[in-house]
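Heads up, the thing below is written out as structure tokens.
Both ligands and their constituent atoms are indexed starting at 1 by order of listing. Nothing here was measured: the structure is a model prediction, and the numbers come from that model.
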Amino acid sequence: MKAPVLYIVIPCYNEEEVLPVTSGLFLKKLRQLIEAGKIADESRILFVNDGSRDRTWSIITGLNREDAHFQGIAQSRNRGHQNAVLAGLMEAMNRCDITISIDCDGQDDVNAMDEMVDAYLDGCDIVYGVRRSRDTDSFFKRATAQGYYRFLNRMGAEVVYNHADYRLMSSRALHEFAKFREVNLYLRGMVPLVGFKSCCVYYDRHERLAGESHYPLRKMLALAFDGITSLSVKPIRLITLCGLVICLLSFIGIIWAVATSLSGRAVAGWASTACLVCFVGGMQALFLGVIGEYIGKIYMEVKSRPRYIISDRTEEMAGHPQDAADKD
Ligand code: UDP
Ligand code: MG
């Protein structure tokens with residue numbers, strides 16, 4: 001079998017400090033893989049400049065002049081990490097057999113790539129890079145991340161625990177992934193929806209080699225919120241449930257108000273007001289829930305995700321039905 005062509009997709013936003021350090025590491029790893037015969041020489045390191053305001057792009061073009069294994073694309077403006085990764089993957093999809101997305105700051109261990117490529121050669125279409133431990137994170141980040149993954153899974157989203165965006169995807173998986181046309185991206189939650197054979201590779205996460213994180217708490221919370229709202233309509237279900245409970249309580253409230261009034265312990269006018277408040281409150285909560293259910297359905301519809309993805313076919317079913325028709 002011919003060695004597969006690998007594209008390493010690397011999003012970069014204002015990374016002039018770290019790029020000169022890590023670009024060498026990436027190239028070294030790529031060369032090692034090529035020399036080991038695991039990947040083809042046409043493999044590339046594809047930087048995606050995410051609208052950086054510093055010298056990032058000129059560094060990328062400089063690297064490209066030095067060595068053709070370095071390639072780059074630039075987004076017209078800053079669109080955020082997730083969009084930058086997607087742009088790189090979509091650009092690479094038709095030029096290669098496999099992609100590996102990785103951050104450019106050296107936090108993710110490039111040595112895990114060997115195992116990832118091996119897993120691909122063993123038949124996996126998606127290989128998740130999973131952090132072995134979170135020692136380098138603060139206690140706060142560790143605890144919140146853990147709680148968040150648990151919460152997400154409970155919300156019905158399928159995410160791989162401790163996996164960020166360091167992953168291998170085959171071109172076949174990417175072509176299916178391209179059919180997910182949603183604009184609110186939470187890649188680590190969307191990729192498992194593609195299916196196919198997948199596995200995990202474990203690695204130790206280091207400190208950033210230079211520069212600063214572009215994910216302050218504000219952006220992290222926004223990503224976390226995006227993750228929940230773009231993968232799950234369960235929050236809406238919870239509203240419906242709340243509506244039902246409030247409706248039930250209101251019903252009990254009404255009975256209580258009537259009973260109090262009949263026993264003569266209430267001031268005139270109180271029972272009717274209390275009944276109205278309970279009734280209107282209960283109904284509103286219930287109606288909101290029902291409308292929410294429809295909004296949830298509309299939400300999933302407008303995403304127009306693929307309704308099925310085929311992974312294998314027997315010989316006769318291979319090829320497109322249209323091709324078969326054309327032959328007649
Ligand atoms: N990044 C990007 N666009 C952004 C923010 C970040 O492309 O708007 C890139 C950044 O250059 C890095 C990766 O996303 O390669 C992860 O960012 P960072 O290391 O700052 O996040 P952290 O690892 O601290 O969560
Ligand atoms: Mg980082």
Side-chain angles (χ1 to χ4, degrees), residues 7-27 29 45-60 63 70-92 99-110 112-113 128-146 148-149 152 159-167 183-189 191 203-227:
Y7 268 53
I8 303 179
V9 172
I10 309 173
C12 310
Y13 176 56
N14 293 346
E15 300 284 12
E16 62 181 6
E17 284 175 51
V18 87
L19 261 187
V21 188
T22 50
S23 55
L25 297 178
F26 292 128
L27 186 61
K29 182 64 357 196
I45 295 164
L46 177 62
F47 292 109
V48 184
N49 176 28
D50 186 20
S52 302
R53 291 196 191 90
D54 62 0
R55 289 176 30 254
T56 300
W57 182 241
S58 65
I59 295 175
I60 293 172
L63 287 168
F70 288 119
Q71 296 294 328
I73 51 174
Q75 293 211 88
S76 58
R77 51 158 294 168
N78 179 250
R79 294 295 305 269
H81 173 230
Q82 300 285 296
N83 293 69
V85 175
L86 181 75
L89 294 176
M90 292 298 113
E91 287 287 314
T99 58
I100 294 181
S101 51
I102 184 169
D103 290 352
C104 75
D105 55 10
Q107 283 193 284
D108 302 321
D109 186 6
V110 287
M113 286 188 192
Y128 300 101
V130 177
R131 295 192 206 186
R132 199 171 286 138
S133 70
R134 281 184 168 262
D135 294 344
T136 54
D137 280 349
S138 64
F139 172 77
F140 175 73
K141 190 154 183 178
R142 213 162 41 216
T144 47
Q146 219 158 37
Y148 177 65
Y149 279 110
L152 251 189
V159 280
V160 178
Y161 184 62
N162 267 350
H163 157 72
D165 283 303
Y166 185 18
R167 81 176 78 77
V183 287
N184 292 298
L185 297 176
Y186 188 67
L187 298 177
R188 68 193 77 164
V191 171
Y203 69 97
D204 291 315
R205 192 160 153 110
H206 311 299
E207 300 278 1
R208 203 173 221 285
L209 291 182
E212 279 171 15
S213 168
H214 303 290
Y215 262 103
L217 188 65
R218 179 180 53 83
K219 269 199 195 172
M220 235 166 62
L221 286 179
L223 182 71
F225 194 67
D226 259 2

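The side chain to side chain donor-acceptor pair (under 3.5 Å) test applied to Asp165 returns Gln82, Arg167, Arg188, not counting sequence neighbours.
Both the backbone and the side chain of His81 come within contact range of ligand 1, each with a heavy atom under 4.0 Å. Contact annotation: for Ile10 versus ligand 1, there are no heavy atoms closer than 4.0 Å. Contact annotation for Gln107 and ligand 1: only side-chain heavy atoms (C-beta onward) come within less than 4.0 Å of the ligand. The backbone and the side chain of Ser213 each have at least one atom closer than 4.0 Å to an atom of ligand 1 (non-hydrogen atoms only). Contact annotation for Asp50 and ligand 1: only side-chain heavy atoms (C-beta onward) come within less than 4.0 Å of the ligand.
The pair Asp108-Arg205 meets the salt-bridge criterion, with a side-chain N (NZ, NE, NH1 or NH2) lying under 4.0 Å from an Asp/Glu carboxylate O.
Between Phe26 and Val110, some side-chain heavy-atom pair lies under the 4.5 Å cut-off. Inter-residue side-chain proximity for Phe47 and Gln71 is flagged as unmet; no heavy-atom pair is nearer than 4.5 Å.
Protein heavy atom at the shortest distance from atom 16 (C) of ligand 1 is Asp103 OD2, 3.3 Å. For atom 15 (O) of ligand 1, the nearest protein heavy atom (residue, atom name, distance) is Pro11 O, 2.8 Å. When hydrogens are left out, the protein atom nearest atom 21 (O) of ligand 1 is Tyr215 CD1, 3.2 Å; that is the closest non-hydrogen contact. Taking atom 20 (O) of ligand 1 as the reference point, the nearest protein heavy-atom neighbour is His214 N, 2.5 Å. Among all non-hydrogen protein atoms, the one lying nearest atom 8 (O) of ligand 1 is Asn78 ND2, 3.2 Å. The protein heavy atom nearest to atom 18 (P) of ligand 1 is Arg208 NH2, 3.5 Å. When hydrogens are left out, the protein atom nearest atom 1 (N) of ligand 1 is Tyr13 CB, 3.7 Å; that is the closest non-hydrogen contact.
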Take Thr22 and Glu15 through the test side chain to side chain contact (heavy atoms under 4.5 Å, CB included) and record every step on the way to the result. CA-CA 10 Å; Thr22 50; Glu15 300 284 12; over 6 Å; no
_Residues Leu209, Leu25; criterion side chain to side chain contact (heavy atoms under 4.5 Å, CB included); working and verdict_ = CA-CA 11 Å; Leu209 291 182; Leu25 297 178; 3.8 Å; yes
* Test Asp204 against Asp109 for side chain to side chain contact (heavy atoms under 4.5 Å, CB included), laying out the working first. => CA-CA 7 Å; Asp204 291 315; Asp109 186 6; 5.7 Å; no
Item to complete: Apply side chain to side chain contact (heavy atoms under 4.5 Å, CB included) to the pair Tyr149 and Val159, showing each step before the final yes or no.
Response: CA-CA 7 Å; Tyr149 279 110; Val159 280; 3.9 Å; yes
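When atom types are taken as modelled, the side chain of Asp105 and the backbone of Gln107 share a donor-acceptor pair closer than 3.5 angstrom. Of the possible donor and acceptor atoms, none in the side chain of Asp50 sits under 3.5 Å from a partner among the backbone N and O of Ala84. Not one N or O on the side chain of Ser52 forms a donor-acceptor pair closer than 3.5 Å with the backbone of Asn49. Checked by atom type and distance alone, the side chain of Tyr128 never pairs as donor or acceptor with a backbone atom of Asn162 at under 3.5 Å.
Among protein atoms, those of element N, O or S found less than 2.8 Å away from the Mg ion (ligand 2) are Asp105 OD2, Gln107 OE1.
The two residues Ala210 and Glu17 come nearest to each other via the heavy atoms CB-O, 3.9 Å.
Listed by atom number, the atoms of ligand 1 under 4.0 Å from Glu15 heavy atoms are 10 (C), 11 (O), 12 (C), 15 (O).
Lys219 counts as a contact of ligand 1, since one of its heavy atoms falls under 4.0 Å from the ligand. At a 4.0 Å cut-off, at least one heavy atom of Arg205 sits close enough to ligand 1 to count as contact.
Backbone and side-chain nitrogen or oxygen atoms of Cys104 are examined, and one is located within less than 3.5 angstrom of a nitrogen or oxygen of ligand 1.
Taking all heavy atoms of Asn14, Asp165, Asp105 into account, the minimum distance to atom 19 (O) of ligand 1 is reached by Asp105.
Using a 30° and 60° split on the angle between ring planes, Tyr186 and Tyr148 fall in the perpendicular class, above 60°.
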